[in-house]
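Have a look at the structure below before the remarks.
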Amino acid sequence: MTESFCSGTRNGGPDLCEGFNMSRRRPNRHPRSRLAAAAAVAASAVVALGAMPGAAAQKGGTAAAASTTSITSVLATSPDAGVFSVGSVWRKDVSQAPLDPRSGEMAANLKAQVDSLYSGVSAFNVYQYNTSVYTVPATQKRVTVKFSNCQKKSYTPKELYQPEAGAHFVDVPIPSNAVPAKGSDAQLSVYSPSSDQLWEFWKAEKRSDGWYACWGGRIDKVSTSHGFFPDGMGAAATGLALTAGSIRINEVKRGYIDHAMSLAIPAPKHWKTFSWPAQRSDGWSTSTSAIPEGTHLRLDPRVDVSKLNLTPVARMVAKAAQKHGFIVTDKAGAVSVMAESGAGIQAATGSDPWKSILGGTPSYAVFKNFPWDKIQVLPQDYGKTDAESITVPGTPTGTSTPGTCTEV
């Protein structure tokens, strides 16, 4: 079978030419305060299912001393304040941002994609094709994730295990009871506030001899990151962190969303063109009005959301879209908004929290009447110049250039 690896990756991440099969006022805190709070969440989420001796914590790729016992199991949960700081592109207020000169054309293209599928209602990926998030304590047992090679590569990518290339699959604090999100992508995110690291995996699975994944990656210094993976790594085709744009269970319960949200679309612009913060693309459309992956969108701030006939969750999303917007993160079978998976909580407690949150509304009806016709498109690479002039520590700077698509 022919396999395609595309656009700026050295080894090819998931579906880089072919796309995913998806249907699819908390006070600001200093990073150190956020990390301390997240660590407290991790500690409180530990499930008393046994502990094992040994293990060391990892920080910035080097081992650090840990306690004499290591936790093996935790409850799936995201930190209350999220993973990425207020300085990241995901937390930026874009309500006063300028628009792309061709905003109207591209917005019309998006609206047409919504209208053409599923009776004109966009998808809300709450039950599948999203990511499970585990916030782990410093004592979490670390393991090496094995390479499942689902794409039939003729080699093992050096980025997975070689220290000089990042060793992204080594010393990963995956809980023994972790449950990847449902759907064929089987995505799994692991956040360690104590070491300030985030791992995300694509096609994660636990077998009798340990954890496997087909692709993924690690972000170091997460608290000062803009939320993308380096060197072709990560679970999304753009290299953007799934955790960054997922709508979290805890924030929907509190009643507001304070970050940009991930949006997947069926026909993103051809992979040779993408917009920061995306690091690559799996787009295919040659339409002049196609939206590049990585593009930042927003709902027109002039829209009076209170007057729209929306579900409570869609109204919450609309308000967040006016301030923080959407970022096109991937390709999908429908225009889709991604939420944190409740699969891990369901496995531990017997109940998926999204069932009660949605109050009986089917996931496919959550975005009925959402004003996609009022979407606005921000300029290409919006926020990149500001990000580079600020030079946020732990984040790569410089120009991202698309690569080539090579068939092997």
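Throughout, residue positions are numbered sequentially from 1 according to the sequence presented.
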Side-chain donor-acceptor contacts of residues 308-317 below 3.5 Å, not counting sequence neighbours, with atom names and distances?
from: T311; atom 1: OG1; to: A314; atom 2: N; distance (Å): 3.2
from: T311; atom 1: OG1; to: V366; atom 2: O; distance (Å): 2.8
from: R315; atom 1: NH2; to: L308; atom 2: O; distance (Å): 3.1
from: R315; atom 1: NH2; to: L310; atom 2: O; distance (Å): 3.4

Subject >> Listed once per pair and sorted, the salt bridge (charged side-chain N to carboxylate O under 4.0 Å, His left out) pairs that draw on residues 198-207, sequence neighbours left out >> reply: E205-R207
**OP:** Output the distance between atom NE2 (H296) and atom CG (L378), rounded to the nearest 0.5 Å.
**Re:** 6.0 Å
**OP:** Establish, yes or no, whether the cationic atom of K153 lies under 6.0 Å from the six-membered ring centre of W215 and within 45° of the ring axis.
**Re:** yes
Subject >> Test item: I174 and F201 side chains (from C-beta on) under 4.5 Å apart, heavy atoms >> reply: yes
Subject >> Within-4.5 Å side-chain heavy-atom neighbours: S78 and N250 >> reply: yes
Subject >> Main-chain N/O of L240 paired to T238 side chain as donor or acceptor, under 3.5 Å >> reply: yes
**OP:** Verify the neighbour count for atom NZ of K319: are there more than 12 heavy atoms of other residues, nucleotides or ligands below 6.0 Å?
**Re:** no
Subject >> Distance (rounded to the nearest 0.5 Å) between R298 CZ and S95 OG >> reply: 7.0 Å
Original post:
Can you find a heavy atom in the side chain of Y191 that is under 4.5 Å from one in the side chain of Q197?
Top reply: no
Subject >> salt bridge (charged side-chain N to carboxylate O under 4.0 Å, His left out) pairs, two or more places apart, involving residues 97-121 >> reply: R102-E105, K111-D115
**OP:** Dump the intermediate steps for side-chain contact (heavy atoms from CB on, under 4.5 Å) on V328 and F274, then the final yes or no.
**Re:** CA-CA 10 Å; V328 180; F274 56 90; over 6 Å; no
**OP:** Measure the shortest side-chain to side-chain distance between D330 and D282 over non-hydrogen atoms and say whether it is less than 4.5 angstrom.
**Re:** yes
Original post:
Would F147 and Y161 count as a close aromatic pair, with their ring centres under 6.0 Å?
Top reply: no
**OP:** For residues W354 and F124, establish whether the separation of their ring centroids is below 6.0 Å.
**Re:** yes
**OP:** Please check if any side-chain donor atom of S287 sits under 3.5 Å from a side-chain acceptor atom of S285, or the reverse.
**Re:** no
Original post:
Who passes salt bridge (charged side-chain N to carboxylate O under 4.0 Å, His left out) against K182, sequence neighbours left out?
Top reply: none
Original post:
Does the Q140 side chain pair with the main chain of P137, one donor and one acceptor, at a distance under 3.5 Å?
Top reply: no
Original post:
Mind checking what makes salt bridge (charged side-chain N to carboxylate O under 4.0 Å, His left out) contact with K307, not counting sequence neighbours?
Top reply: D304
Original post:
Of the non-hydrogen atoms in S281 and W271, which two are nearest, and what is the gap between them?
Top reply: O-CB, 3.4 Å
Original post:
Considering residues at least two apart in sequence or located in another chain, which fulfil the side chain to side chain donor-acceptor pair (under 3.5 Å) criterion with Y212?
Top reply: D209
Original post:
Between S195 and S192, is any side-chain donor less than 3.5 angstrom from a side-chain acceptor?
Top reply: yes
Original post:
Are S189 and T131 close enough that a side-chain donor and a side-chain acceptor fall under 3.5 Å?
Top reply: yes
**OP:** Show your working on side-chain contact (heavy atoms from CB on, under 4.5 Å) between Q322 and Q376 and close with a plain yes or no.
**Re:** CA-CA 10 Å; Q322 289 179 310; Q376 300 173 326; over 6 Å; no
Original post:
By side-chain contact (heavy atoms from CB on, under 4.5 Å), which residues pair with Q113, not counting sequence neighbours?
Top reply: N109, I265, P266, A267, V335
**OP:** Kindly give the heavy-atom pair with the smallest separation between I249 and S341, and that separation in Å.
**Re:** CD1-O, 4.0 Å
Subject >> Straight-line distance of N125 CG to S246 OG, nearest 0.5 Å >> reply: 9.5 Å
**OP:** Please examine the side chains of P173 and V190, heavy atoms only from C-beta on, and report whether any two atoms are closer than 4.5 Å.
**Re:** yes
Original post:
Would you find a donor on one side and an acceptor on the other, under 3.5 Å apart, between the side chain of T329 and the backbone of A264?
Top reply: no
**OP:** Looking only at non-hydrogen atoms, find the nearest pair between P379 and P98 and report the distance.
**Re:** CD-O, 3.2 Å
Original post:
With no hydrogens and no angle check, do the side chains of T295 and Y382 hold a donor and an acceptor under 3.5 Å apart?
Top reply: no
**OP:** Verify the ring-centre separation between H226 and W90: is it less than 6.0 angstrom?
**Re:** no
**OP:** Identify, with sequence neighbours excluded, every residue that meets salt bridge (charged side-chain N to carboxylate O under 4.0 Å, His left out) alongside K323.
**Re:** none
Subject >> T135 to P193 - nearest heavy-atom pair and separation >> reply: CG2-CD, 3.9 Å
Subject >> salt bridge (Lys or Arg N to Asp or Glu O under 4.0 Å) between D220 and R218, worked out >> reply: CA-CA 6 Å; D220 297 326; R218 184 191 70 245; 2.8 Å; yes
Original post:
Does any N or O in the side chain of E159 come within less than 3.5 Å of the main-chain N or O of G166, such that one atom is a donor and the other an acceptor?
Top reply: no
Original post:
Which side-chain hydrogen bond (donor to acceptor under 3.5 Å, both in side chains) pairs, counting each pair once, include a residue from residues 365-374, with sequence neighbours left out?
Top reply: S122-W372
Subject >> Evaluation steps, side-chain contact (heavy atoms from CB on, under 4.5 Å), between M338 and L242 >> reply: CA-CA 8 Å; M338 183 185 290; L242 301 170; 4.0 Å; yes
Original post:
Checking side-chain contact (heavy atoms from CB on, under 4.5 Å) for the pair V179/Y134: CA distance, chi angles, key distance, verdict?
Top reply: CA-CA 9 Å; V179 177; Y134 286 81; 3.8 Å; yes
Original post:
If you look at every heavy atom in G294 and P277, which pair is closest and at what distance?
Top reply: O-CD, 3.6 Å
Original post:
Does atom CD of Q96 have more than 12 heavy-atom neighbours, drawn from other residues, nucleotides or ligands, at distances under 6.0 Å?
Top reply: no
**OP:** Kindly state each residue pair satisfying disulfide bond (SG atoms under 2.5 Å apart) with at least one member in residues 176-234, sequence neighbours excluded.
**Re:** C150-C214
Original post:
Taking only residues two or more places apart in sequence, or in another chain, which ones meet D93 in a salt bridge (charged side-chain N to carboxylate O under 4.0 Å, His left out)?
Top reply: none
Original post:
Can you tell me how far the CD1 atom of I247 sits from the CE atom of M261, to the nearest 0.5 Å?
Top reply: 6.0 Å
Subject >> Check: K355 and Y127 side chains under 4.5 Å, non-hydrogen atoms >> reply: yes
Original post:
Can you name the side-chain contact (heavy atoms from CB on, under 4.5 Å) partners of P362, sequence neighbours left out?
Top reply: Y364, A365
Original post:
Counting only N and O atoms by type, is there a donor-acceptor contact under 3.5 Å from the side chain of S88 to the main-chain atoms of F84?
Top reply: no
Original post:
CD1/I327 to CG/L263 distance, rounded to the nearest 0.5 angstrom?
Top reply: 10.5 Å
Subject >> Side chain to side chain, L188 and W199, heavy atoms closer than 4.5 Å >> reply: no
Original post:
Do L299 and P371 come within less than 4.5 Å of each other through their side chains, counting heavy atoms only?
Top reply: yes
Original post:
What's the shortest heavy-atom distance between R142 and D171, and which atoms?
Top reply: NH1-O, 2.8 Å
Original post:
Rounded to the nearest 0.5 Å, how far does CZ of F367 lie from OG of S336?
Top reply: 10.0 Å
